[in-house]
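Notes follow the structure.
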2 protein chains.
Amino acid sequence: MANPMYRQIAEDLQGQIKTKELRPGSQLPTELELRDRYSASRNTVRDAIKWLTNLGLVTTRPGQGTFVVEDTDPFVTTLSGDPKTGFGGGEGTRYRSEVTKRNKEPTTSPIQVEIQEAEPDVAQLLGKPGGIVVISRHEKRFIDGKPWSMQTSFYPMEFLSRGADRLSQPFDIEEGTVQYLANTVGIHQVGYRDWLVVRAPDTPEAIFFQLPPDGRTSIIQISRTAYDGNEQPMRVTVSVYPADRNQLLFEFGQVPKQDTDRES
Amino acid sequence: MANPMYRQIAEDLQGQIKTKELRPGSQLPTELELRDRYSASRNTVRDAIKWLTNLGLVTTRPGQGTFVVEDTDPFVTTLSGDPKTGFGGGEGTRYRSEVTKRNKEPTTSPIQVEIQEAEPDVAQLLGKPGGIVVISRHEKRFIDGKPWSMQTSFYPMEFLSRGADRLSQPFDIEEGTVQYLANTVGIHQVGYRDWLVVRAPDTPEAIFFQLPPDGRTSIIQISRTAYDGNEQPMRVTVSVYPADRNQLLFEFGQVPKQDTDRES
DNA sequence: GCAAATTTGTTCGTATGTATT
DNA sequence: CAATACATACGAACAAATTTG
């Protein structure tokens, strides 16, 4: 009896969810019913539900009720690939082929291009701690119309004057930016480093991904710094994924083809 | 006035935290003081504090007060490496060298060895969806005495009878398990796939990592499946890291040496 | 070492607002 | 419009953890 009552109620409900006595998607008894069932006050029942909400087991909908969350089929993204070619770009092609395999409808927003002073983070990764002006190319991604990830790539401004003018145009670069930069600027990507952080969403992210505004759902942020043959950073790509619907794969060396389905 | 009062109070405090008016580590006014300051009830003030707690901005300590969370110096782990050698093992050596670089005191628990039926997840990754008996080697890791990560490696039972008997002994395999398996069983690792999931901690994890029991802090789980030259899985290593104090790096191709310090 | 004061945690009751059916 | 269900807000009392005198 060490636990407070609202925890005991929460644990009881949690057990019913685990044993599927309360199925995913089904509605819990209303707060008033639970109040009678557990001989507690409505506020105490609400504390129990709040606990389960924070654990990500249930969601509440005003005017409707409290529901057991559905298991969402996670989207699996493979982030490695040949460091010298296509996917290193992190834009476009690989993303589409990954998704279509799984019977989903991928779409992307138009590419939004801006010229800006780089954030300190990005400037640091680009090897210019003092600051640097960059071209940023931003893209939003959807699957079956639902927001799935956001990505922004940052390129040094000088790439423009050196001939890579398509970087400043809001259109997809079909052959991949790695290939494009090799052809136009003569800079060849030879490797990259991914830096992975899990953090709370900021407000724009919470809005775009339709996350609950309380920061319960984490964001996986991957900052990919690509390097050329002179060990100089040539691009930083920041991708963010809501952690509740995404899983990531990294492959090294010889690995058999993916058996595309698995469960958690 | 769209926002409820507790949100307005939370936003006001959030602003003070952002501008360092309330410094990291410092104590917020008590609930009673905030109640007077905002002309609200204590419960409403508590709702505001709960909101900030969920955002990870403050923590409450019974009997003491509410405090702005300190920025913790995150531990950065590099998870890639030569797919054929040392670190592929994921045990021991690489971990130590990574940590000592950063002036910390890494320690590990004794290795705990068990023979068990593999969990469905693990069996699936090992290519035996029907189930398989495995040797599991479990290890807990600390930095400066604080819990930092846990890791369990699973090897097919048959490796024992084929000569790799040290797998069943609760001692570090200094030369690395990859090398050891190559020498004893003649199985050579040629690559691996990391599968990354972010999820809520389970109870043992919450206890070991001293996480708040409400599941607010996520766990980063990486399941590494290592493959031999015949495209057969030879090992699965599951590592878990609390997301609030860990960042991960993955490197591909040619990448310059890490500039070991950075900030978020 | 103990008692008092302080501070957060739990639980109840009640009233009213807002979203949905 | 009415009924239902969750959301917000207030007030009150006691419990538990911690610090202070």
Side-chain angles (χ1 to χ4, degrees), chain A residues 1-14 17 22 25-70 206 210-216, chain B residues 1-14 17 22 25-70 206 210-216:
Chain A
M1 287 302 240
N3 273 6
M5 191 187 308
Y6 77 94
R7 291 282 299 274
Q8 295 180 35
I9 297 173
E11 279 162 20
D12 188 50
L13 292 171
Q14 193 170 355
I17 292 170
L22 289 168
S26 68
Q27 180 172 7
L28 268 68
T30 68
E31 292 174 352
L32 295 183
E33 283 169 338
L34 291 172
R35 161 176 64 97
D36 295 339
R37 176 178 311 181
Y38 291 107
S39 304
S41 75
R42 184 179 160 222
N43 277 332
T44 299
V45 167
R46 278 180 62 78
D47 282 344
I49 290 175
K50 203 170 298 176
W51 185 268
L52 296 177
T53 302
N54 283 340
L55 290 176
L57 296 174
V58 304
T59 54
T60 58
R61 298 205 277 272
Q64 299 185 41
T66 304
F67 300 83
V68 182
V69 297
E70 309 246 16
Q210 299 179 297
L211 304 177
D214 58 6
R216 209 171 48 251
Chain B
M1 284 301 238
N3 270 7
M5 190 186 307
Y6 78 94
R7 290 281 298 275
Q8 295 180 36
I9 296 173
E11 279 163 20
D12 188 52
L13 293 170
Q14 193 170 353
I17 292 170
L22 289 167
S26 69
Q27 180 171 7
L28 267 69
T30 68
E31 292 174 355
L32 295 184
E33 284 169 337
L34 291 172
R35 161 176 64 100
D36 295 340
R37 175 176 312 182
Y38 291 105
S39 304
S41 75
R42 183 179 163 222
N43 277 331
T44 299
V45 166
R46 281 179 61 77
D47 282 345
I49 291 175
K50 203 170 298 175
W51 185 268
L52 296 176
T53 301
N54 283 339
L55 289 176
L57 296 174
V58 304
T59 54
T60 58
R61 298 204 276 275
Q64 294 181 258
T66 304
F67 301 83
V68 182
V69 297
E70 309 246 19
Q210 301 178 294
L211 304 178
D214 59 7
R216 207 171 50 253

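Chain A is the first sequence line, chain B the second, and so forth, proteins listed ahead of strands; every chain is numbered from 1. Here the structure is a predicted model, which means the values were calculated and not measured.
- Across the protein-nucleic acid pair, Asp36(B) atom CG and dC10(D) atom P stand 13 Å apart, rounded to whole Å.
- In this structure, Tyr38(A) atom OH and dT11(C) atom P are separated by 14 Å, rounded to whole Å.
- Direction of the helix axis in the helix from dC2(C)-dG21(D) to dT21(C)-dA2(D) shifts by 10° between the two five-pair termini, rounded to 10°.
- Taking atom CG of residue Leu34(A) and atom P of nucleotide dC12(C), one finds them 13 Å apart after rounding to whole Å.
- For dC6(D), the OP1/OP2 oxygens have a side-chain nitrogen or oxygen of Thr66(A) closer than 4.0 Å.
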Q: Go through the steps for Val45(A) and Tyr6(A) under the test side chain to side chain contact (heavy atoms under 4.5 Å, CB included), then give the verdict.
A: CA-CA 6 Å; Val45(A) 167; Tyr6(A) 77 94; over 6 Å; no
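- Closest to the side chain of Ser41(B), out of dA5(D), dT11(C), dG11(D), is dG11(D).
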Q) Reading nucleotides 15-21 of chain C 5' to 3', which nucleotides get B (base under 4.0 Å from a protein heavy atom), which S (sugar-phosphate only), which -? A) ----BSS
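- For the pair Ala40(B) and Arg35(B), the tightest heavy-atom approach, listed with the atom from each and the gap, is O-CG, 2.9 Å.
- A search for side-chain hydrogen bond (donor to acceptor under 3.5 Å, both in side chains) contacts involving Ser41(B) returns Thr44(B), not counting sequence neighbours.
- Distance Asp47(A) CG to dC6(D) C1': 14 Å, rounded to the nearest Å.
- Atom pair Asn3(A):CG and dG9(C):P shows a separation of 15 Å (rounding to whole Å applied).
- Residues passing the side chain to side chain contact (heavy atoms under 4.5 Å, CB included) test with Pro62(A): none are found, sequence neighbours excluded.
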Please table the atom pairs, donor to acceptor, closer than 3.5 Å between any side-chain atom in residues 47-57 of chain B and protein atoms at least two apart or in another chain.
unit_1   : atom_1 : unit_2   : atom_2 : d
Thr53(B) : OG1    : Ile49(B) : O      : 2.8

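- With sequence neighbours left out, the side chain to side chain contact (heavy atoms under 4.5 Å, CB included) criterion links Glu70(B) to no other residue.
- Considering only the side chain of Tyr6(A), dT10(C) comes nearest among dA7(D), dT10(C), dG11(D).
- Asp36(B) has its side chain out of reach of Glu33(B): every pair of non-hydrogen atoms, C-beta onward, lies at least 4.5 Å apart.
- Closest to the Thr44(B) side chain, of the nucleotides dT11(C), dT8(C), dC10(D), is dC10(D).
- Atom C1' of nucleotide dT11(C) and atom CZ of Arg7(A) are separated by 16 Å, given to the nearest angstrom.
- Nearest heavy atoms, Gly65(B) versus Gln27(B): CA-NE2, 3.5 Å.
- The distance from atom CG of Asp214(B) to atom P of dT10(C) is 11 Å, rounded to the nearest whole Å.
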Q: Check the pair Tyr38(B), Leu13(B) against side chain to side chain contact (heavy atoms under 4.5 Å, CB included), reporting the backbone distance first and the verdict last.
A: CA-CA 11 Å; Tyr38(B) 291 105; Leu13(B) 293 170; 3.8 Å; yes
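- The phosphate of dA7(D) has OP1 or OP2 within less than 4.0 Å of a side-chain N or O from Arg46(A).
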Q: Kindly determine whether Val68(A) and Thr59(A) satisfy side chain to side chain contact (heavy atoms under 4.5 Å, CB included), including the steps that lead there.
A: CA-CA 7 Å; Val68(A) 182; Thr59(A) 54; over 6 Å; no
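- What separates CD of Gln27(B) from P of dT8(C) is a distance of 7 Å, to the nearest Å.
- Both Asn43(A) and Gly65(A) sit near DNA chain D, but only Gly65(A) has its closest nucleotide nearer the 5' end.
- At least one side-chain nitrogen or oxygen of Thr60(A) sits closer than 4.0 Å to the OP1 or OP2 atom of dA7(D).
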